[in-house]
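First the proteins, then the strands, lettered A, B, ... as listed; each starts at 1.
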Protein chains: 2
Amino acid sequence: MNVIKAPIEILMRALLARLTHYCEIGDAERDALLALPMRERTYEPGEDVIEKGDNPAEALIVKSGWAARYISLKDGRSQILNFLLPGDFFDLQVFVTDAADHSIAAITKVTALAIPGHAMLDVFSQDNNLGLALWWATLQEEAILREQIVRNGRRDASERVAHLLLELHRRAMIIGEGDNTEFRLPVSQVLIADALGLSFVHINRVLRRFINEGLIEKDKDLIVLKDRDALIAKCDFSADYLHLDAEPPRYRLRPLAIRPSG
Amino acid sequence: MNVIKAPIEILMRALLARLTHYCEIGDAERDALLALPMRERTYEPGEDVIEKGDNPAEALIVKSGWAARYISLKDGRSQILNFLLPGDFFDLQVFVTDAADHSIAAITKVTALAIPGHAMLDVFSQDNNLGLALWWATLQEEAILREQIVRNGRRDASERVAHLLLELHRRAMIIGEGDNTEFRLPVSQVLIADALGLSFVHINRVLRRFINEGLIEKDKDLIVLKDRDALIAKCDFSADYLHLDAEPPRYRLRPLAIRPSG
DNA sequence: CACCCGCCTTAACCCAGGTTAAGGCGGCGC
DNA sequence: GCGCCGCCTTAACCTGGGTTAAGGCGGGTG
């Protein structure tokens, strides 16, 4: 590791942590990733990273900070579809689709890696393991969307809150943030409400109750899961849908081979 | 078109209609699809096509009938994630993932085409247009999931019902079922409730009201959208998320190249 | 024919969670 | 320092939609 590569490696830590969770990432893969042309972009809290209608030419990967994928209705109601943590991709569809059908906003200050679409596709299509890891990441995100539908459709308020806390705790742990009992949740109660389809007043009621019952503790954005088992029991949480234990793939995939359309 | 191909073409009509909506499908593409080794499978109403935990080796495509992707909670509550119409894929993830994290049930009698995974990947990776169409289909499904989250999270009961009716009407039209004002909706009010996160009693109340207000008419499974504009206004429906107007792709994609992992 | 079953329908009652309002607290800009 | 703003908190009140229950209707089956 030389002086030039070192800061980039730090940049890529979250991404590597994510991908490693799905597939074996060796030196060859790491070097290929590090060789990607990339720029760093930063976004302030509340700023839109991608707006509905945008058509970005770069793939963006969260390096640090939290963001939210969301859709707004005309009358001001808005729904968060999913939270994005370091290592998550903003928009894998960038290569196929015309215009984004939803927006993404930075929740905290966010730094992102911007990689030109064609360069990223080249790398991921030339390396089986990376390509596979990318597929897994996509599938995981889809599964998280599905779970979000069930959570908001068929669970009551406290089940929803418990379930979301457990998901985010688990996801934070995967990328090396937080430990077995606590993690930082830089998300206001208003945003939790927008994710769970509830009012922020009611989110407050539920969180208060969890605290009074000794299930969790809160100090600013630090959440301590004091009785994780009770939370799990309360909403019958199972982390299966996060697909954290990748099985050996049935096929080796070269997921995306591209050539310029011109 | 010869006598042997004719019945197969009929088999593939829905799939072709779907794919044609995204990309130009010429004779070459059609022939490639028709050459695929495939079997037909049938499922009875209520029967599970794929159960959570299954790990099928074939890609399944709805040929006729309606199905539903769903997740059940332990206590019997269940949530429909999405409806599957002719031309939809049951499980594109089959090639990468280990076990299905949700189930799919036939709503009506369903016939499906089963295509061995490797054969389908071959075809779709060798033909740019088909590969691209496949990507579009995947993205469309993800977008429908996102819209489902917003619908159930931030809309009230009558908005949800109106929005779902408009979506299903539009999707039925794409595949050549129904016309500008009516379509067949072979879905009981119980299932609509499970899709919209409401009780079937309330679904009935809302549908009754729509009928009394002259917005729709119903006769068995035939739904007539008598005042489509009013329905659209009621829920601010926009079909953008169905991505029906595919723009020319920025890149030409060869989406999946595989070789046996052994 | 009689019975059952799935589905639709409607009414009466009730409660989880929405809405509105008001106050507190900390950070930040002037 | 003061005022503003974002966020949290709590209380009082209200309503959309859940729950329960009961009946109807049509189709299938012995």
A:R155 CZ - C:dA16 P separation (whole Å): 18 Å
Candidate pair A:S72 and A:R77, rule side chain to side chain contact (heavy atoms under 4.5 Å, CB included), full reasoning: CA-CA 6 Å; A:S72 293; A:R77 287 176 289 182; over 6 Å; no
Using a cutoff of under 3.5 Å, can you pull out all pairs of nitrogen or oxygen atoms linking the protein to nucleotides 5-9 of chain D, with atom names and distances?
from, atom 1, to, atom 2, distance (Å)
D:dC8, OP1, A:Q189, N, 3.4
D:dC8, OP2, A:Q189, N, 3.0
D:dT9, OP1, A:R208, NH2, 2.8
D:dT9, OP2, A:Q189, NE2, 2.9
D:dT9, OP2, A:N204, ND2, 2.8
D:dT9, O5', A:N204, ND2, 3.3

Rounded distance (Å) that lies between atom C1' of D:dG18 and atom CG of B:D194: 14 Å
Side-chain donor/acceptor of A:S103 to backbone N/O of A:K52, under 3.5 Å: yes
Atom pair distance, as rounded to whole Å: CZ in B:R205 and P in D:dT15: 16 Å
Whole-Å distance separating the CG atom of A:D219 from the C1' atom of C:dG26: 13 Å
Pair A:E141 + A:R69, salt bridge at N-O below 4.0 Å: yes
Whole-Å distance separating the CG atom of B:D156 from the P atom of D:dG18: 11 Å
Just distance, no hydrogens or angles: give the donor-acceptor pairs under 3.5 Å from side chains in residues 160-169 of chain A, sequence neighbours left out.
from, atom 1, to, atom 2, distance (Å)
A:R160, NE, A:R155, O, 2.9
A:R160, NH1, A:L196, O, 2.6
A:R160, NH2, A:N152, O, 3.2
A:R160, NH2, A:R155, O, 3.2
A:H163, ND1, A:R151, NH1, 3.0
A:E167, OE1, A:R151, NH1, 3.2
A:E167, OE1, A:Y241, OH, 2.8
A:E167, OE2, A:R171, NH1, 3.0
A:H169, NE2, A:D179, O, 2.8
A:H169, NE2, A:N180, O, 3.4

For atom CD1 of B:I192 and atom C1' of D:dG17, their distance in whole Å: 17 Å
Sugar-phosphate, base or nothing in reach of A:G197, heavy atoms under 4.0 Å: sugar-phosphate
Distance in angstrom units between A:H202 NE2 and D:dT10 P, rounded: 14 Å
Test side chain to side chain contact (heavy atoms under 4.5 Å, CB included) applied to A:R154 and B:D194, step by step: CA-CA 8 Å; A:R154 284 298 179 209; B:D194 277 340; 2.9 Å; yes
Spacing of B:R160 atom CZ relative to D:dG17 atom P, expressed in whole Å: 7 Å
CA sep, side-chain torsions, deciding dist, call: B:E142, A:L145, side chain to side chain contact (heavy atoms under 4.5 Å, CB included): CA-CA 9 Å; B:E142 225 182 283; A:L145 285 184; 4.2 Å; yes
A:R41 to A:L60 - nearest heavy-atom pair and separation: CD-CD2, 4.4 Å
Selection from D:dA12, C:dG27, D:dG18 that lies nearest to any side-chain heavy atom of A:K220: C:dG27
Parallel, tilted or perpendicular: ring planes of A:W66 versus A:F83, cut at 30 and 60 degrees: tilted
Test: B:K63 and B:E40 ion pair at under 4.0 Å: yes
End axis versus end axis in the helix from C:dC1-D:dG30 to C:dC30-D:dG1, the angle rounded to 10°, five pairs used at each terminus: 30°
